[in-house]
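What you see is a predicted model, and the numbers here were worked out from it, not measured in a lab. Order of appearance sets the numbers: ligands from 1, and atoms from 1 within every ligand.
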Amino acid sequence: MNVFTDKYQRIVVKVGTSTLTYPTGHLNIRKIETLVKCISDLQNSGKEFILVSSGAVGAGLGKMGYHPAKMTVEEKQAAAAVGQCELINMYNEKFGFYGHKIAQVLLTKDVVDDEVRRHNAHMTFSVLLSQRCIPIVNENDTVSNEQLKFGGNDTLSAIVAILCNADLVINLTDIDGLYDKDPRTNEDAKIISVVDKLDDNVFKCAGGAGTERGTGGMLAKLEAASMCVCCGIPMIIANGANPEILYDIMDNNYKGTFFSANER
Ligand code: GLU
């Protein structure tokens, strides 16, 4: 019995492009396989998972031969359409190997901004989860323009967690967690393992944007954490380089940053 693990039953895992794809724009099969194995195993133990997966644009650009810095908006949307197929195909095959059902859920901001459509999405998630399906969520990049955008999958993962009444969000990224200063330029930067109060001082620790293949960056993660904790959902930022970190998180023995939630 593990008090930490037992507390968190319904878990949103968000995983970024830089974890799921190589800089070549092709899928990182080893990481995807490990991620799918861990989620499948933990789902077998009785947990419920919702996977917010980026990587559609990243995988699509590799297949289409586009350069990330030179894509037009239309090419990006086309790349997302191609990459999303590739991604979901891969998830379907790998989760299927472990006997799990998956469901593709593509959202745009106008859906969650509209009360009726938000309720529909909430009900769909409820049915999927009651059937032990693992929803794989992404922004519907192919149709989303500036007005319809969430502003990245960090935000989307917070919205999905709130929509599904999740107990925890785990944001797997390409850095170990939140540091007190930028670790890329400061050798003495220290990881902050627990944030009890997400105030301006914490926001000051966040650096700029993420890699050219992802859109994230620490600021977007802190904004997502702020949305989650206000709604009573804690969030963890940890490194997705080895997705087996999910086991360490469940054992409450991991390197990362835990954002405590406000009382629900
Ligand atoms: N939805 C985008 C994709 O699948 C990623 C956006 C993000 O990572 O914030 O490529």
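- At least one N/O-N/O distance between D141 and ligand 1 falls below 3.5 Å.
- Side-chain polar atoms of N171 and T173 form no donor-acceptor pair below 3.5 angstrom.
- Taking only nitrogen or oxygen atoms, main chain and side chain alike, A56 reaches within less than 3.5 Å of ligand 1.
- By the 3.5 Å distance cut-off applied to N or O atoms, K14 is not counted among the residues near ligand 1.
- N186 and Y179 share no side-chain donor-acceptor pair at under 3.5 Å.
- At least one heavy atom of G55 sits closer than 4.0 Å to an atom of ligand 1.
- Between the side chains of N239 and D176, at least one donor N or O lies within less than 3.5 Å of an accepting N or O.
- If you run side chain to side chain contact (heavy atoms under 4.5 Å, CB included) between F258 and each of L178, I236, I192, V195, only I236 comes through.
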| side chain to side chain contact (heavy atoms under 4.5 Å, CB included) between L61 and M71, intermediate numbers included | CA-CA 9 Å; L61 69 87; M71 279 192 289; 3.7 Å; yes
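- A side-chain donor from one of S260 and D196 sits under 3.5 Å from a side-chain acceptor of the other.
- Only the side chain of N138 comes within 4.0 Å of ligand 1, judged by heavy-atom distances.
- Of all the atoms in ligand 1, the ones that sit under 4.0 Å from a non-hydrogen atom of S54 are 4 (O), 5 (C), 7 (C), 8 (O).
- If you number the atoms of ligand 1 from 1 as listed, the ones under 4.0 Å from a heavy atom of V57 come out as 3 (C), 4 (O), 10 (O).
- In the vicinity of G152, heavy-atom distances shorter than 4.0 Å reach the ligand 1 atoms 9 (O).
- Annotation: E139 places no N or O atom under 3.5 Å from an N or O atom of ligand 1; distance criterion only.
- With hydrogens and angles left out, the side-chain atoms of H122 and N165 include no donor and acceptor closer than 3.5 Å.
- Considering backbone and side-chain N/O atoms, D154 never comes within less than 3.5 Å of an N/O atom of ligand 1.
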